[in-house]
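Take a look at the structure set out below.
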Amino acid sequence: MRALTAPAGLFRAVPLLVSIGTSLCLASPAPAQQDTAVLFRNVKIFDGKNATLSAASNVLVRDGKIEKISTADIAATGQVIAGGGRVLMPGLIDAHWHAMLVRPTPMASLANDVGYNNLLAASEATATLMRGFTTIRDMGGPTFGLKQAIDEDLVAGPRIYPSGAIITITGGHGDFRQLSDLPRTIGGMLSRMERIGGSMVADSPDEVRVRAREQLMQGASQVKLTAGGGVASPFSPLDVSTFTEPELRAAVEAADNWGTYVATHAYTPVAIQRSIAAGVRCIEHGHLMDEASAKLMAEKGIWLSTQPFLDMSMGAGLGPAEQDKLRQVVAGTDRVYALAKKYHLKTAFGTDVLFSQALAEKQGSMLAALTRWYTPAEALAMATSTNAELLSLSGLRNPYPGKLGVVEEGALADLLLVDGNPLDNISLVEDPAKNFVVIMKDGKVYKNALPR
């Protein structure tokens, strides 16, 4: 057989070609780096804390942070947004949200294909961001994948501080199993609810410890347990106390070991006080609390994350028993805010919208409703800098280290440009499509409705 031979001169030509190619590579100019800086020119600033606006200012954003704020002109070669004297404020934060549970019904969330549920949640996440909520603290649901997709910019959505699965007891708030699923075998097959990461049932300190650690392993920034009954769950009377103190303490110990904290769903004095005794650092809701519970929270520095439930609209689609429970919660709303103000509780704002896209669209209206008890400046500070303070309890488990909820140099650049002054007219936040003309998260402009 004849051996294969290279054409004459090929090997002599190869070094020459390599040399020419190398020379061409060396000679080619490096592509110019695009300046990703954004300059807001001529804006008045609500900084997330103070009740007055700044003088006309310029704000330079670079690499996801606020680099410079000045009343003097700032030179910039990137994008310039002419504020025209409009108000620049921090992006809004919802401290009690359920990203996976806004649009589906309870049964659909269990029966739907998981991929479809995530796509549904992704669509809602984009809508949430377009309402000006640049960060949410997710208080139960399988949001880890959605968070990853948002962080990787595959989906436009808010920053997510995930809790992972709600940890509950048999028959507790968050247990959406059917009676046909009983009896439960400890260590046996998990229910559909548990397999998809919506809720996890735990009926002993050891089980609680495992379930808490599983959420932390997946990236939870805080752990959520239901310490008492709730409205939406079918087998959970509002007055019941669920976890025992040792069970709650097991979760607290697991979270402490990871440098973060436990929040509990708790309406009643018993659920609140038992949670505090176990070391829980944040009470969700609290609408049925009494004076002694509020005083204890103040003494211990416990956070209250509550919601302005003012009517029965949250009960759309619920059965008569669940609507009756909601009626009790609504009746307690004025009292919980009165106690929060009387005892100067550290109070966060959230909405806790479940199973209703229409209610989610009223997210800003619920924020504006806080003016029943607070000034517009106090309400807006609660939904920005105060909520950000609560987020910081996650310590090293904080997925977005840096300052949120404020407009100041070095803070993360989550910003809204408002057409009007929300300190004078907080109802502007009720119509974000019209009044939030620029929405920025992490230094990236997701909406710019200003004339070009």
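Atoms considered below: every heavy atom in the structure, side chains included; atoms not considered: hydrogens, waters and symmetry mates.
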>> Which residue in the set T128, L146, T135 passes side-chain contact (heavy atoms from CB on, under 4.5 Å) when paired with I160?
In response: L146

> Should the heavy atoms of other residues, nucleotides or ligands under 6.0 Å from CG of L396 be counted, would the total exceed 12?
Replying inline: no

> Between the side chains of N398 and Y161, does any donor sit under 3.5 Å from an acceptor?
Replying inline: yes

> Looking at F235 versus F176, is the centre-to-centre ring distance below 6.0 Å?
Replying inline: no

>> Does K224 form a salt bridge (Lys or Arg N to Asp or Glu O under 4.0 Å) with D138? I'd like the steps, not just the answer.
In response: CA-CA 10 Å; K224 160 81 174 292; D138 194 274; over 6 Å; no

>> Can you tell whether the side chains of D153 and K444 come within less than 4.0 Å, N to carboxylate O?
In response: yes

> Looking at NZ of K447 and CD1 of I439, how far apart are the two atoms once the value is rounded to the nearest 0.5 Å?
Replying inline: 5.0 Å

> Do you see a donor-acceptor pair shorter than 3.5 Å between the side chains of D206 and S204?
Replying inline: no

>> So does A212 get a backbone contact from the side chain of Q215, meaning a donor-acceptor N/O pair under 3.5 Å?
In response: no

> Would R335 and D290 pass as an ion pair if we require N to O under 4.0 Å?
Replying inline: no

>> Taking the basic N atoms (NZ, or NE/NH1/NH2) and the acidic carboxylate oxygens, is any pair closer than 4.0 Å for R249 and E253?
In response: no

> Any side-chain donor paired with an acceptor under 3.5 Å for N435 and D419?
Replying inline: no

>> Can you tell whether the side chains of R177 and D175 come within less than 4.0 Å, N to carboxylate O?
In response: yes

> Parallel, tilted or perpendicular: which fits the ring planes of H285 and H287, with parallel below 30° and perpendicular above 60°?
Replying inline: tilted

